[in-house]
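Data first, discussion second: the structure below is written as structure tokens.
Please read all numbers here as calculations on a predicted model, not as lab measurements. For ligands, and for the atoms within them, numbers begin at 1 and follow the listed sequence.
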Amino acid sequence: MIKLYGYDTINTLKVLMLLLETKVEFEYIPINIRAGEQHKPEFLAINPAGKVPVIFDGVRHQTESNSILLSLAQKAGWGAVDDPNMHDQLMAWLFYQASTQGPHFGQVEHWLRFAKTPNPEALARHRLIANHTIKYLNDQLIGEQYICGETYSIADIALFPWLHIHDHLGLSLEKAEHLACWLDRIRNRPATVRACALFGPRSIF
Ligand SMILES: N[C@@H](CCC(=O)N[C@@H](CS)C(=O)NCC(=O)O)C(=O)O
């Protein structure tokens with residue numbers, strides 16, 4: 001059985017969403033990163049980077065949420081991942097999520113919620129890029145159900161968690177109606193409802 005080491009974080013939520021979509025049996029092992037459990041030798045033996053999520057498939061440990069999504073989807077044959085055209089699109093979105101959406105939304109959260117010394121310039125810069133991301137994704141969804149067209153895929157799952165908490169980040173989807181509809185569509189999926197419920201009410205991711 002797959003083991004998922006995680007916590008109530010954006011990147012763990014992605015993996016939970018996919019495991020519940022694919023109905024793969026798994027054991028969830030919480031690593032309390034707020035209590036520093038990620039720095040304990042027993043966890044560093046699993047992931048020397050000291051980060052969650054990590055999965056163990058019985059053979060090896062795998063880190064990096066988007067890489068985990070790709071590998072789980074391939075094993076389950078889920079979300080048209082084996083279609084060559086889809087595969088190329090998925091790779092682009094997974095890289096985009098990891099290099100642009102994730103870091104800038106994360107920095108908005110940091111400067112808005114966690115930083116002890118305010119830095120309005122940094123907040124404004126990351127908010128600007130987060131808003132560009134919102135517009136870009138909204139445009140992508142004009143006339144489409146999902147990021148890669150008709151098929152719900154790991155691109156949607158990777159991009160979902162930060163958008164799920166856009167209110168908490170002080171970001172608005174008022175001018176992004178296609179993205180707002182997409183968000184509702186994904187929020188209402190039974191697997192998403194179950195994945196979010198495992199964390200309880202945010203619980204800062
Ligand atoms: N690029 C990694 C990021 C993983 C990551 O940053 N995890 C955070 C929680 S979302 C963590 O474990 N932080 C604990 C720490 O840095 O001490 C992924 O996508 O899985």
Problem set entry | Test item: side-chain donor near acceptor, Thr12 and Tyr28, under 3.5 Å | no
For this session: Examine Asn66 against ligand 1 and note whether any of their N/O atoms are separated by less than 3.5 Å.
Result: no
Exercise. Is ligand 1 less than 4.0 angstrom away from at least one heavy atom of Ile10?
Worked result: no
Problem set entry | Under 4.0 Å to a heavy atom of Thr9 - the qualifying atoms of ligand 1, by number | 9 (C), 10 (S)
Problem set entry | Which of the ligand 1 atoms, numbered from 1, are nearer than 4.0 Å to a heavy atom of Gln38 | 14 (C), 15 (C), 17 (O)
Exercise. Out of Glu64, Lys51, Gln97, Gln62, who gets a non-hydrogen atom closest to atom 16 (O) of ligand 1?
Worked result: Lys51
Problem set entry | Subset of ligand 1 atoms that lie under 4.0 Å from at least one heavy atom of Pro53 | 20 (O)
Exercise. Knowing that exactly one of Leu69, Leu18, Leu90 qualifies, which makes a side chain to side chain contact (heavy atoms under 4.5 Å, CB included) with Ser153?
Worked result: Leu90
Exercise. Can you check whether Ser65 has an N/O within less than 3.5 Å of an N/O in ligand 1?
Worked result: yes
For this session: Show the numbers, then the answer: is there a side-chain hydrogen bond (donor to acceptor under 3.5 Å, both in side chains) between Gln140 and His178?
Result: CA-CA 9 Å; Gln140 180 71 22; His178 305 286; over 6 Å; no
Problem set entry | Residue pairs passing the ring-ring contact (aromatic ring centres under 6.0 Å, His included) test where at least one lies in residues 47-74, sequence neighbours excluded | Phe56-His61
Exercise. What are the atoms of ligand 1, with element, lying closer than 4.0 Å to any heavy atom of His39?
Worked result: 17 (O)
Exercise. Strictly by modelled atom types, are Gln107 and Trp111 linked by a side-chain donor-acceptor pair under 3.5 Å?
Worked result: yes
Problem set entry | ligand 1 to Val52 polar contact by distance, N or O atoms, under 3.5 Å | yes
Problem set entry | Electrostatic pair Lys75:Asp57 at N-O distance under 4.0 angstrom | yes
Exercise. Any side-chain donor paired with an acceptor under 3.5 Å for Lys135 and Asn138?
Worked result: no
